[in-house]
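Everything numeric here is computed off the predicted structure, so don't read it as measured data.
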Amino acid sequence: MANKVIKNLLQEVLDSSMQQVSGQDATFLYAESPTSPMHIATLTIVEGSIEFNDFKEIVASKLHLIPKFRKKLLNVPLNLDYPYWVDDPNFDIDLHINRLKLPDPANWKTLREMTSSIFSSPLDLRRPLWSIDFIEGLDEVSQVPKGSIAIVSKIHHVMIDGSSGVGIMSILFDKNEEDKNKKPSPPKPYEPEPLPDEINLLIKSTYGFFKNPLKVPKLIGETAYSFLKVKMNSQLRVKKSSLKSTYATPKTIFNESVSPKRTWGTAILSFERINTLRKIMDVSVNDLILAICAGAIRRYLEEREKLPVQPLVANVPISIRVKGEEHEMNNQISNMFVKIGTHIKNPIERLEFIHEQTSLGKSKHKAVGAKALSKMADAVPFGLANLAASLYSKYNIKEFHRPPFNVTITNVPGPQNPLYLKGHKVVGIFGLTPVLDGFGLIIAAFSYNGLVSITTTSDAKTMPDADKFSRYIRESANELEVLILAKEKQKTVEKVQKIKSSVFFTAFKKYLNEDEKRRQNATGLYDFDLNLGDSEINYQLAILKESVSVKKKKTAKPVVKIEIDDDNLINLYKKNLLLQEAIIQERVKLTGTKKNIDKFSQLLSEFLEKN
């Protein structure tokens with residue numbers, strides 16, 4: 001009889017629909033502190049007046065599409081395991097949606113201050129982790145019709161990342177204006193499951209551990225192997241001394257303790273303008289956003305005489321969602337650390353430096369495996385991680401080591417067509433993100449309907465003048481645009497010179513792409529400095545693990561620099577000149593470490609022989 005009771009109890013526990021918080025999601029729980037609430041927020045401005053009750057009806061009608069909006073967290077006794085999402089039996093939508101009036105003067109400054117105040121307040125961890133503030137009376141906000149509304153939505157980071165936040169947005173808002181006369185459907189009945197007791201939680205957690213007891217060593221082993229592969233590949237390319245200083249992160253004013261009060265500002269740029277610059281420079285949109293932000297950061301620190309000699313390092317979150325996971329409410333992100341060239345004064349050279357860093361960073365990141373990195377958090381017991389986070393904050397441990405990065409810069413692609421709320425157009429969406437001790441600056445770019453909003457979130461101690469910093473972002477973008485367009489114009493008016501050796505680059509690229517082993521042995525960036533007689537031109541040969549590319553650009557820190565006349569390079573290719581003879585006669589000059597020069601010389605020699 002007793003065995004049957006125990007068997008039924010186990011079956012009931014294991015068949016439960018309770019979903020456990022993942023290790024990665026839980027990091028945002030144990031990072032929470034009185035000065036650092038860990039929620040994400042969006043300020044959405046909707047043109048025209050909407051009745052508050054109509055808005056509440058719309059949200060209520062769609063709650064069944066966002067199940068976690070009616071779930072709360074339930075801790076395992078003694079914090080022995082990660083918490084579980086459970087139905088909130090006392091869910092009440094009125095506890096989550098607030099109605100506010102923007103005080104006079106009802107302008108952008110007042111709206112920004114009200115949004116900062118709302119964002120500074122933590123969510124109640126005993127309830128479903130979201131809230132919406134419905135703000136009426138935007139009467140004096142420029143370029144917004146009088147009487148428009150603003151919606152400040154807060155969702156805890158344990159629930160979503162940027163990409164899943166976009167998924168929620170697509171649920172709450174309409175895609176066409178005609179839906180204004182559409183009556184919201186009645187809310188679907190909500191029948192919460194009973195809350196599990198402590199014994200059930202312990203049984204479920206214990207079963208999870210015994211089901212996969214080797215999770216910790218397996219994850220650590222897989223990730224260590226991936227890191228070892230990257231390390232070995234790196235040692236084939238660069239000297240050991242340079243490896244030690246690859247990510248020597250300076251300490252800045254952004255890496256101190258933060259205060260509870262949040263500050264924020266935003267700069268709005270045209271996506272079309274950014275895309276035009278991207279095409280001219282042959283870089284990514286992300287590279288351009290990093291360069292624009294880097295220009296503003298450099299100016300801000302330089303004015304305060306706080307600019308480090310070393311370049312700042314940005315944490316760049318990368319979504320690891322695959323197709324079909326857009327609406328899953330959890331965190332699926334990994335991180336890439338990128339030097340953002342704040343030590344370089346020239347904006348174009350800074351952009352080229354950043355492009356090189358992101359190209360190499362993506363290659364290394366892919367080799368380690370983003371999914372493997374994200375799963376590492378699951379291997380850390382929740383209680384231990386929670387204790388470590390609280391000790392880190394309590395004893396100010398950040399003062400005793402360099403920060404792993406200085407600033408977070410994230411770029412979330414949003415919908416490129418207009419969104420509507422009961423027939424009223426959404427005119428602007430701005431993302432606010434959490435800051436915490438040691439990491440007091442985060443910049444979030446969000447694209448929507450042909451515009452890119454670059455929103456800076458900080459605190460009153462780290463950056464009290466976030467609005468000024470946002471102006472620096474706009475001016476940094478304008479400066480970069482002027483220089484890039486001028487460079488493009490100069491290229492079009494200059495006499496076009498035919499590069500005789502272009503056939504060499506085409507053949508060499510094909511040769512390297514044919515054999516993965518060749519690429520692995522020579523991975524890195526190479527700079528060909530060609531002398532054309534009355535001018536010079538640089539070609540960058542980028543040999544990555546997956547592919548090879550050749551671009552007409554100068555490389556800041558190449559593995560090997562090759563200085564050669566265009567005539568001599570084509571003669572080498574046509575076998576009218578021997579490589580060793582050209583080196584001895586100094587018709588070709590190679591600069592780099594002896595090891596890298598010898599390796600490249602051998603590769604080039606083999607190509608010229610087989611060609």
Side-chain angles (χ1 to χ4, degrees), residues 267-299 311 314 316 338-363 409 411-414 416 443 445-454 472-499 501-502 505-506 509 525-530 532 535-542 544 547-558:
I268 302 175
L269 308 176
S270 162
F271 180 79
E272 186 179 347
R273 288 170 65 189
I274 291 176
N275 202 35
T276 298
L277 303 182
R278 176 194 69 80
K279 291 175 182 176
I280 293 172
M281 295 300 295
D282 194 19
V283 297
S284 69
V285 169
N286 209 43
D287 292 338
L288 270 163
I289 288 172
L290 288 173
I292 289 167
C293 294
I297 290 170
R298 175 185 166 86
R299 180 178 173 184
V316 182
V338 178
K339 290 182 179 180
I340 55 173
T342 48
H343 62 304
I344 300 173
K345 186 175 182 179
N346 184 288
I348 291 183
E349 291 178 9
R350 191 186 306 128
L351 172 61
E352 291 172 340
F353 175 86
I354 288 170
H355 177 62
E356 289 175 16
Q357 295 293 309
T358 56
S359 297
L360 292 173
K362 286 172 187 173
S363 178
I409 303 176
N411 178 24
V412 180
Q416 290 310 300
I443 304 171
F446 183 81
S447 57
Y448 163 68
N449 194 29
L451 298 174
V452 179
S453 63
I454 302 181
Y472 290 175
I473 288 178
R474 285 192 295 273
E475 291 173 0
S476 173
N478 292 338
E479 180 187 25
L480 191 59
E481 181 181 44
V482 168
L483 292 172
I484 291 174
L485 294 179
K487 182 179 179 181
E488 178 70 4
K489 186 177 180 181
Q490 185 180 1
K491 282 167 61 178
T492 57
V493 298
E494 284 178 352
K495 182 180 177 182
V496 179
Q497 292 179 286
K498 186 171 177 63
I499 311 298
S501 57
S502 58
F505 290 107
T506 303
K509 177 182 173 182
L525 301 176
Y526 298 82
D527 185 58
F528 281 81
D529 187 349
L530 295 185
L532 304 177
S535 64
E536 290 185 355
I537 190 168
N538 290 80
Y539 278 88
Q540 180 190 85
L541 173 68
L544 303 179
S547 62
V548 177
S549 66
V550 178
K551 296 178 182 178
K552 195 182 293 185
K553 63 180 291 186
K554 189 173 184 178
T555 306
K557 291 185 178 180

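Remark: K551 NZ is packed, more than 12 non-hydrogen atoms of other residues, nucleotides or ligands lying under 6.0 Å away.
Using a 4.5 Å cut-off on side-chain heavy atoms (C-beta onward), V316 and T358 make no contact. Residues V338 and I409 fail the side-chain proximity criterion, which asks for heavy atoms closer than 4.5 Å. For the pair V452/N411, no side-chain contact is recorded, criterion being any heavy-atom separation below 4.5 Å from C-beta on. By the 4.5 Å heavy-atom criterion applied to side chains, V550 and F528 are not counted as neighbours. Looking only at side-chain heavy atoms (C-beta outward), L290 and L351 stay at 4.5 Å or farther from each other. Between H355 and M281 there is no side-chain heavy-atom pair separated by less than 4.5 Å. Residues I280 and L485 have side chains in contact (heavy-atom distance under 4.5 Å, counting atoms from C-beta outward).
The two residues A267 and I473 have their closest heavy-atom pair at CB-CG2, 3.9 Å. Taking each heavy atom of H343 and P311 in turn, the nearest pair found is ND1-CB, 3.2 Å. Taking all atoms of both residues into account, the shortest heavy-atom contact from R350 to K345 is NH2-O, 3.0 Å. In plain terms, the two heavy atoms of L451 and S270 that are nearest each other are CD2-CA, 4.4 Å. Pairing each heavy atom of I354 with each of A291, the nearest pair is CD1-CA, 3.5 Å.
The side chain to side chain contact (heavy atoms under 4.5 Å, CB included) check on Q416 picks up S447, with sequence neighbours excluded. Qualifying side chain to side chain donor-acceptor pair (under 3.5 Å) partners for S501, counting only residues two or more places apart in sequence or in other chains: D566. Under the rule for a side chain to side chain donor-acceptor pair (under 3.5 Å), D282 has no partner lying at least two apart in sequence or in another chain. Remark: N538 pairs with D527 by the side chain to side chain donor-acceptor pair (under 3.5 Å) rule, at least two apart or across chains. Under the side chain to side chain donor-acceptor pair (under 3.5 Å) criterion, N449 pairs with no residue at all, not counting sequence neighbours.
Here OG1 of T555 is found 13.0 Å from OH of Y539. Values are rounded to the nearest 0.5 Å. Rounded to the nearest 0.5 angstrom, I268 CD1 and Y448 OH are separated by 12.0 Å. Considering CG of L525 and CG of L541, their distance stands at 8.5 Å, rounded to 0.5 Å. Going from atom CD1 of I274 over to atom CD1 of I292 covers 5.0 Å, rounded to the nearest 0.5 Å. Considering CG of L288 and CG of L277, their distance stands at 6.0 Å, rounded to 0.5 Å. Atom-to-atom distance recorded for D287:CG and I340:CD1 is 12.5 Å, nearest 0.5 angstrom.
With hydrogens and angles disregarded, no donor-acceptor distance shorter than 3.5 Å links the side chain of S535 to the backbone of L532. Using a distance-only test at 3.5 Å, with no hydrogens or angles considered, no donor-acceptor pair links the side chain of R278 to the main chain of V285.
The side-chain contact (heavy atoms from CB on, under 4.5 Å) test with Q540 singles out one residue from E352, K552, E356, and that residue is E356.
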### Task
Under the side-chain contact (heavy atoms from CB on, under 4.5 Å) rule, what do I289 and I443 come out as? Steps first, then yes or no, please.
CA-CA 10 Å; I289 288 172; I443 304 171; over 6 Å; no
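Among pairs with a residue in residues 472-484, those fulfilling side-chain hydrogen bond (donor to acceptor under 3.5 Å, both in side chains) read R273-N478, R273-E481, R299-E475, E303-Y472, R471-E475, at least two apart in sequence or across chains.
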